[in-house]
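Start at 1 with the first residue, then count along the sequence. No hydrogens, no waters, no symmetry mates; every other heavy atom, side chains included, goes into these values.
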Amino acid sequence: MTISVVIPVYNTERFIRFALDSVVHQTYSDWECICVNDGSTDGSAAILDEYAANDKRFRVVHQANGGEGAARNAGMDLATGSRVRSSRAPADTCRRSPRVG
C-alpha cells in the first residue's frame, strides 16, 4: 500500500531538508512525497529539485504563489497512494515533529 505525503512549501529553505529527511528515514518504504513549491523566493525550490533528482519517490511541482490551500490541493490532485498524508513544512512544525507520516 503506497502512502502519499503532500508537503506545500513556501520559503522554508532553512528547515525543508529536516522535513524531507524525516520522510526519507521512515521505516515504511512504499511512499511518494509530493512537494509543491508555492512560489518560494528563497532556495527552497532548488532543495526540492535536489531531493527529486536523488530519489524518484519525490515529485516536485512548481507553481506561482497561491497560498497553502492551493498548494496542498495541487499536491492532492497528483497523489497516487491509497492513503494520503498532508504535512506542513514551516519552521515551527519541523522543529516539533522529527517524523512525517
Gap between atom [atom2] of [Y] and atom [atom1] of [X] - 0.5 Å precision:
| X | Y | atom1 | atom2 | answer |
| --- | --- | --- | --- | --- |
| Glu68 | Asn73 | CD | CG | 10.5 Å |
| Arg83 | Ser4 | CZ | OG | 11.5 Å |
| Arg17 | Ser44 | CZ | OG | 10.0 Å |

* Pick out which of Val5, Val24, Ile34 makes a side-chain contact (heavy atoms from CB on, under 4.5 Å) with Phe58. =>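 So, applying the side-chain contact (heavy atoms from CB on, under 4.5 Å) to Phe58 and each of Val5, Val24, Ile34, only Val24 qualifies.
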Fill in: Residue from Ile47, Val61, Leu20 passing side-chain contact (heavy atoms from CB on, under 4.5 Å) with Cys35
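When side-chain contact (heavy atoms from CB on, under 4.5 Å) is applied between Cys35 and each of Ile47, Val61, Leu20, only Leu20 qualifies.
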ask   = Given the rule in the side-chain contact (heavy atoms from CB on, under 4.5 Å) test, do Asp21 and Tyr51 qualify, once you have shown the distances and angles that lead to the verdict?
value = CA-CA 9 Å; Asp21 285 345; Tyr51 275 76; 2.6 Å; yes
Atom of [X], atom of [Y] and distance for their closest heavy-atom approach:
| X | Y | value |
| --- | --- | --- |
| Pro8 | Ala71 | CB-CB, 3.7 Å |
| Met76 | Ser86 | CE-CB, 4.4 Å |
| Gln63 | Ala74 | OE1-CB, 3.5 Å |
| Val6 | Arg72 | CG1-O, 3.9 Å |

*asked:* Given 3.5 Å as the limit, does a donor-acceptor pair link the side chain of Asn54 with the main chain of Glu50, or not?
replied: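 Present.
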Do [X] and [Y] meet the criterion of a side-chain donor-acceptor pair at a distance under 3.5 Å?
| X | Y | result |
| --- | --- | --- |
| Ser40 | Glu13 | no |
| Tyr10 | Asn37 | no |
| His62 | Asp38 | no |

For this session: For Tyr28 and Met1, run side-chain contact (heavy atoms from CB on, under 4.5 Å): C-alpha distance rounded to whole Å, both residues' side-chain angles, the deciding distance at 0.1 Å, then the answer.
Result: CA-CA 10 Å; Tyr28 189 76; Met1 168 178 54; 3.9 Å; yes
Side-chain heavy-atom pair Trp31, Arg85 within 4.5 angstrom cut-off: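 No, every pair of side-chain atoms sits at 4.5 Å or beyond.
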Review point. Does the side chain of Val9 reach to within under 4.5 Å of the side chain of Val36, using non-hydrogen atoms?
Key: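 No - every pair of side-chain heavy atoms lies 4.5 Å or more apart.
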For Asp30 and Ile3, what are the C-alpha separation, side-chain angles and deciding distance, and is it a side-chain contact (heavy atoms from CB on, under 4.5 Å)? CA-CA 7 Å; Asp30 189 11; Ile3 295 174; over 6 Å; no
